Every structure is written in structure tokens, then in C-alpha cells.
Amino acid sequence: MTPCVLLRHDEPGGGWHFDWLMARWEGDRAESGPLICFRTDVRPDEAGVIEFKCHRLPDHRADYLHYEGEISGGRGSVRRVANGWCIIDDEEPTRLIVHVTLGGIPRRLIGTYEPDPHHHAPLGCWRFVAQDLQDPSSR
């Protein structure tokens, strides 16, 4: 299992979003490499969220697994709203399958890249479908 975290990113203009970050390595070692990062307006760890869209961002520094506070360059601030563990089953340019436990809810999330001409996210728009692993029909 690898660590993951959900941060609320408050922007300077008053807006906000969540940054969902996942490590690709075993254990909790900050020196082990960059984090997969998605920007989303919903919490992927809430039980009622079955499907959500997000934007993939460039990989982030592993420091964000533990960091809370102001972000350099006047980009706002972040605070942790959930943390947990994940297992990345499949990572491809257009698909990501991950088992994640954030906020105590174990889920299988299947993400697919979706071209969207209205958004210019650095690594594209994505749609995730969630399956709560406690529900036998989702296996």
C-alpha cells in the first residue's frame, strides 16, 4: 500500500478545490518520488459520490503528503481533509485503477481520460467511477 491524501486548496481569489494526491511507492517515505495529482471539486472519499470528474495535474512533490499551509508564489494554501492508503492496480496514460481508503471508506476507483475542449488541464480531464468495496455488488 502507498500513502495518499486529500487536500483542500484555498485559492487567493476566494475559490477552492480539492487536490487528491497518491504515492507510487511502498510505505511512507517522502524521498521516494513524485505524487500523482488530480484536482476535483468533490470529495472522492464521500460515500454518496459514485462518479466524479477531475483534472489531472503534473506530479507533485512528495512533501505534500504531510504539508499544510501557505503555498509559494501566492497560490493560496492547503489543509488536509483526509488521508489514507492506496494500491495502484493500473496506471496508463488514459486509465488509472486504484484501490483507495480515504476517511475510512475502502473503494475501487476506475479513472479514464476524457478529452474536453472546454478545459485545458495540463494532463487532461478524467472521469472516475467509484465502487465501495463493502458492497458485494461492486466486486
Side-chain angles (χ1 to χ4, degrees):
M1 288 193 294
T2 63
C4 64
V5 66
L6 186 66
L7 302 175
R8 179 179 161 135
H9 182 162
D10 291 307
E11 301 167 337
W16 62 273
H17 61 270
F18 294 109
D19 290 329
W20 174 33
L21 302 139
M22 294 172 278
R24 293 179 174 100
W25 64 83
E26 293 292 323
D28 193 14
R29 298 168 295 161
E31 71 277 6
S32 297
L35 306 172
I36 297 169
C37 183
F38 288 94
R39 173 187 173 151
T40 179
D41 293 331
V42 300
R43 288 187 61 156
D45 62 327
E46 289 187 348
V49 174
I50 297 170
E51 187 175 315
F52 62 96
K53 286 188 176 184
C54 56
H55 299 102
R56 183 139 183 198
L57 301 177
D59 288 351
H60 281 45
R61 292 188 324 267
D63 299 341
Y64 282 105
L65 284 175
H66 305 288
Y67 182 77
E68 292 184 90
E70 295 295 318
I71 303 171
S72 65
R75 294 176 290 152
S77 64
V78 294
R79 69 178 166 86
R80 182 177 306 123
V81 295
N83 64 304
W85 299 93
C86 66
I87 298 171
I88 298 169
D89 289 333
D90 188 16
E91 181 186 3
E92 298 176 20
T94 60
R95 184 171 76 164
L96 179 68
I97 299 174
V98 61
H99 284 80
V100 63
T101 300
L102 274 172
I105 300 174
R107 310 186 107 178
R108 181 175 188 244
L109 297 171
I110 302 168
T112 53
Y113 171 80
E114 292 189 344
D116 186 341
H118 303 294
H119 290 91
H120 301 290
L123 298 173
C125 298
W126 288 67
R127 177 184 306 275
F128 278 87
V129 175
Q131 299 172 328
D132 289 347
L133 296 178
Q134 291 131 335
D135 177 359
S137 67
S138 68
R139 293 186 183 146

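Treat the numbers as computed from the prediction; the structure is a model and nothing was measured. Excluded from the calculations below are hydrogen atoms, water molecules and symmetry mates; all remaining heavy atoms, backbone and side chain alike, are included.
A 4.5 Å side-chain heavy-atom check between Thr101 and Arg107 finds every atom pair outside the cut-off. Under the 4.5 Å side-chain criterion, counting only non-hydrogen atoms from C-beta, Cys4 is in contact with Leu102. Put simply, the side chain of Leu96 reaches to within 4.5 Å of the side chain of Trp126, judged on heavy atoms. Side-chain contact between Phe38 and Leu57 is absent, with no heavy-atom pair separated by less than 4.5 Å. Side-chain contact check for Asp63 versus His66: every heavy-atom pair is 4.5 Å or farther apart. Side chains of Thr112 and Thr94 form no contact here, defined as non-hydrogen atoms less than 4.5 Å apart. Between Tyr67 and Val78 there is a side-chain heavy-atom pair separated by less than 4.5 Å. Contact annotation: the side chain of Arg24 approaches that of Glu91 to within less than 4.5 Å [non-hydrogen atoms, C-beta and beyond].
A centroid separation of less than 6.0 Å is found between the aromatic rings of Trp20 and Phe128.
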Next item on the list: Could you go through the side-chain contact (heavy atoms from CB on, under 4.5 Å) check for Met22 and Val100 one step at a time?
Entry: CA-CA 9 Å; Met22 294 172 278; Val100 63; 5.6 Å; no
Checklist line | Verdict with supporting geometry, Gln131 and Leu109, side-chain contact (heavy atoms from CB on, under 4.5 Å) | finding: CA-CA 6 Å; Gln131 299 172 328; Leu109 297 171; over 6 Å; no
Next item on the list: Verify side-chain contact (heavy atoms from CB on, under 4.5 Å) between Arg108 and Ile97, making sure each step is shown before the conclusion.
Entry: CA-CA 7 Å; Arg108 181 175 188 244; Ile97 299 174; 3.9 Å; yes
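In terms of heavy-atom proximity, Pro3 sits nearest to Cys86 at O-SG, 4.2 Å. The two atoms that bring Leu7 and Arg80 nearest to each other are CD2-CA, 3.6 Å, heavy atoms only. Nearest heavy-atom pair across Cys54 and Thr40 is CB-CB, 3.7 Å. Summarising the geometry of Gly76 relative to Glu70, their closest heavy-atom pair is O-OE1, 3.4 Å, with the distance given to 0.1 Å. Across all non-hydrogen atoms, the minimal contact from Ala23 to Thr2 is O-OG1, 2.9 Å.
For Arg95 (side chain) and Glu92 (main-chain N/O), no donor-acceptor pair under 3.5 Å exists by modelled atom type.
Under a 4.0 Å N-O distance rule, the pair Glu11/Arg39 qualifies as a salt bridge.
Partners of Glu68 under the side-chain hydrogen bond (donor to acceptor under 3.5 Å, both in side chains) rule, at least two apart in sequence or in another chain, do not exist in this structure. Considering only residues two or more places apart in sequence or on other chains, Asp19 meets the side-chain hydrogen bond (donor to acceptor under 3.5 Å, both in side chains) condition with His9, His17. Every side-chain contact (heavy atoms from CB on, under 4.5 Å) that Val81 has, sequence neighbours left out, goes to Leu6, Arg8, Phe18, Arg43, Arg79.
At most 12 non-hydrogen atoms from other residues, nucleotides or ligands lie less than 6.0 angstrom from CZ of Arg61.
The distance from the CD1 atom of Ile110 to the NE2 atom of His99 is 8.5 Å, given to the nearest 0.5 Å. Annotation: the span from Ile36 atom CD1 to Leu21 atom CG amounts to 10.0 Å, rounded to 0.5 Å.
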